[in-house]
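Per chain, numbering begins at 1; letters A, B, ... match sequence-line order. These values consider heavy atoms only, across backbone and side chains, with no hydrogens, waters or symmetry-generated copies.
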Amino acid sequence: MSLDISEIAPYNFSVVESKWQKFWLDNRSFKTEDRGNKKYYVLEMFMYPSGKVHIGHVRNYTIGDIVARYKRACGFDVLHPVGWDAFGLPAENAALKQKSHPKDWTYKNIATMKSQIRGLGFSYDWEREFATCDEDYYGFQQKIFLALYKKGLVYRKKSEVNWDPVDNCVLANEQVIDGKGWRSGALVEKKMLSQWFFKITDYADELLEELDNLKGWPENVKTMQRNWIGRSEGCSINFSCDNGDQITVFSTRPETLFGATYLAVSPDHPLAQKVAESNETIRNFVSELKKGSVSQQTLDKQEKQGIDTGLTVKHPFLDKRLPVYIANFVLMNYGTGAIFATPAHDERDYDFAVKYGLPIIPVIKSKNNEVPYFGDGILFNSEFLDGLSVVDARKKIIEEIAGRGLGKKEIFFKLRDWGVSRQRYWGCPIPIVYCPKCGAVPLKEEDLPLKLPSDVSFSGVGNPLDQHPHWKHTKCPICGSDARRETDTLDTFVDSSWYFLRFCVGRESDDLLSKDSIKHWMTVDQYIGGVEHAILHLLYARFFSKALADCGLTDVREPFTNLFTQGMVCSVTYKNEQGEWLFPSEVQKNEKGEFVEISTGKKVTVGRLEKMSKSKKNVVDPDVIVKTYGADALRLFVVSDTPADRDFPWSDEGLDGSWRFINRVWRMFVYLKDKGISSDAVQEIRFDSLNSDMQKLFKEFHRAVRDVTISYESQAMNKAIAYIREFVNCIYAVLDQAESNVSLFSVIVRDLIKILAPIAPHICEEAWSMFGFKNLVSESEWPKFCEEYIAVTTINLPIQINGKLRGTIDVSPDASEDEVIQKALEVSNVRKSIGDKPVRKKIFVKGKIINFVV
RNA sequence: GCCCGUGUGGCGGAAUGGUAGACGCUACAGACUUAAAAUCUGUUGUCCUUUCGGGCGUGGGGGUUCGAGUCCCUCCACGGGCACCA
């Protein structure tokens, strides 16, 4: 009796998926092992345990899992770990709000999210899992801190910090966005505090130069890092001031020196301070500029303000004196905090000169004598530079300046040292003690880990560690006197700067950074995460790798060979007339096809696709999706259609389509099983013995394997899926011949399962075992394809006339020019098209095209 | 302002300088069904044409080429990053 494909029961994903998830766990299927094969380290940026997994996580981890499963199937020894970036502010905020302990809140969230992650069937080695708030992890981190300290890469200084008045916390430069705190959004204030710093600036050059060698990184990420490091080459120049001081300025365009008409220093410059002391007007002006501080400055950044100090400096090459201004557009934390201004060739200098009536002297010839002019040209008004090009003039003046001891060639970076102190409880304690006699003293290694006290209270103000009744009181490790612990904790970006190294070592090892393990597993062959970490995390992690290598702890200077930045999951947004966001369920289409709010019937504005977020009410809950459609359908969907590095437009219909495909495949498997397809029937296929339909199918099969393989290799999951779907359609077209071609179908089904398995592992495991195959996961032979079968015997060759398609002919791919021309001219449409016009030229590309030029 | 990136049907997107629109979504039709759903099978850029076929079409304009979505110049739009960095 023949089985009707439409009557096959729907695929029971919930039973199948939990069955195989349990199987993988029980059998430790994805345990990392060094079997002597080539290694492959796949890592997705680890998760912050915020509470629940969101759809963006699902996409990120699905991409990683596809890579991991694909590489495993190709025979690599794969390291694919999972962990938790578990320290950080939200745990403390929750503590305040819900009276929970940060630790309980964090581990509870981890447990929740872990079960969600497991429900998606990701092939992680759970035995290497850890959270950065685990005592042994941050204990190791403290050891690293001490190693860096010993190496001179950590120091403490009093410095102006970015203070977030809402979170009561110091922020790194990187965490200040538009003058606002990255989390709270509050206007950031300036405050002087003693802070710990990592000397990332020691590595500015290496961090910049190595970017050129990171061939596997997206160009935009490298550009962002280059900009952030911000190297500029120029020249320092000393000016003598009439109060006896030397003012050193930095310029990248020293060749414009003869056009200098004034000097400007930052309000924070020592000279400005000095002048302010003796002059009330200036004092008031400077304090006015500083009062506004970051907030005002950023808001009014276009408005240039300044004041004449009354001082003058001598021009180093001319017999004239230049006035010295204090100006708000000069920043103390870049260069030397002072500039010489050439209004004719710099926009800011120009604006300022116009506002304060200062002279403007051009020194580079422009076409229409335009001012300000920033282009190339020939120098004039410039003594010994006259007649030189900008480039030559720059060289020459630097020589002159250096030769006369007035200054030197210099390089400045925008990159600042990394301030890592945070006045927070839920972070890694800094292993330092302050002794009244010995000063700042590092803890001894045997006293690590320095654990966080668990009995803390959260008032919401200040640092809970500092307010703890006794935790900070201790003895000096050197002299034994009463001493005080550092109560600041480390920035959580420290935690994420080396976690990928710890994964190589494994949780059971007491060895901090086992050099052998790291040597074996590093570098990360494929790192996957959001582009939002292009600067902060990725730069810090690169710095850490270099610093740890210099401390002799590892041998790896660049951690991530290939970086993939996946796009965001987006969805439509709806807003009512009041501008409030609405859930899709609150909106419907009316008879006119307009979107209206169901409760009020009023019109709704449909926004463009935006990143899914709770606040915009356009989120979908992965749990709900997994429950209704299954993990495979969800995994398939989030990498379908859209290339993985682009933003993904969520649609319920699309998800439905993926679910339908999973079922379509399932029905096909069940049908084929019924027709006797099984592992026992697998045998070598003799192409010649196949009928023409089957020969065609066999060719399509080889083509599919090739195209899917190529797509996986280039992380083009969307294409891999398209080719798989195409091939499934091919099978469906000849399904009725399965019974008489059992061997062929058995081979095809075996390999189809393999190429689909990285994306939809559960259904593939089920089918694999249903057909009687053994061990899909450990079976590490990727299907092979043979170009010989892909090569076609006839092709549909296009005929063009003057480059326009006028017909096609079926010929062998290596048909000769004569043959093709003869056949082409037999096509009536071609003859008609040529008419009685003489053929002037024939372009023939074998196997590709014939083009008649008439 | 500067630096990246992107622009192809109603939609997501394919396409080593060689038949633009693979694959999917939507929509429509047929088969099955008492019916619906599901499923299977088609059609689906646009305009003209009964058919054969043809015109137009990859953001706009120009160029190179027998031939351009693809290469070059230029302009526009959108997205992202940086932004008083000397």
Checklist entry - Think Lys719(A) has a side-chain N or O under 4.0 angstrom from the OP1 or OP2 of A15(B)? => result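 Yes, Lys719(A) has a side-chain N/O under 4.0 Å of OP1/OP2 on A15(B).
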Checklist entry - Is any side-chain N or O of Arg664(A) closer than 4.0 Å to OP1 or OP2 of C40(B)? => result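 It does, given that an N or O in the side chain of Arg664(A) lies less than 4.0 Å from OP1 or OP2 of C40(B).
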Sugar-phosphate only, base, or nothing, as touched by [X] at under 4.0 Å among non-hydrogen atoms:
| X | result |
| --- | --- |
| Pro10(A) | nothing |
| Gly657(A) | sugar-phosphate |
| Val531(A) | nothing |
| Phe412(A) | nothing |
| Lys804(A) | sugar-phosphate |
| Val845(A) | base |

Checklist entry - Centre of Phe844(A)'s six-membered ring, under 6.0 Å away, within 45 degrees of the axis: is that where NZ or CZ of Lys846(A) sits? => result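 No, Lys846(A) does not lie over the aromatic ring of Phe844(A).
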Next on the checklist: Can you confirm if the NZ or CZ of Lys304(A) lies within 45° of the ring axis of Phe329(A) and under 6.0 Å from the centre of its six-membered ring?
Outcome noted: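 Flagged: Lys304(A) positioned over aromatic ring of Phe329(A).
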Next on the checklist: In whole Å, I'd like the distance from the CG atom of Asp645(A) to the P atom of C4(B).
Outcome noted: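 About 19 Å, once rounded to whole Å.
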Next on the checklist: How many whole angstroms separate atom CG of Asp647(A) from atom C1' of G12(B)?
Outcome noted: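 For the pair Asp647(A) CG and G12(B) C1', the rounded distance is 12 Å.
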Checklist entry - Picking from C84(B), G13(B), U19(B), which would you name as closest to the side chain of Leu805(A)? => result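 When the side chain of Leu805(A) is considered, U19(B) is the closest of C84(B), G13(B), U19(B).
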Checklist entry - Which word best sums up how the rings of His533(A) and His537(A) line up, parallel for under 30°, tilted for 30 to 60°, or perpendicular for over 60°? => result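 It falls in the perpendicular class, over 60°.
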Item to check | Separation between the C1' atoms of G9(B) and A20(B), rounded to whole Å | outcome: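 One C1' to the other, the span is 11 Å.
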Next on the checklist: Say we look at C40(B) and G60(B): how far apart would their P atoms be, to the nearest angstrom?
Outcome noted: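 Between the two P atoms, the distance is 39 Å.
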Next on the checklist: Just by distance, no angles: are the side chains of Asn618(A) and Glu610(A) close enough, under 3.5 Å, to form a donor-acceptor pair?
Outcome noted: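 Per modelled atom types, Asn618(A) and Glu610(A) side chains form no pair under 3.5 Å.
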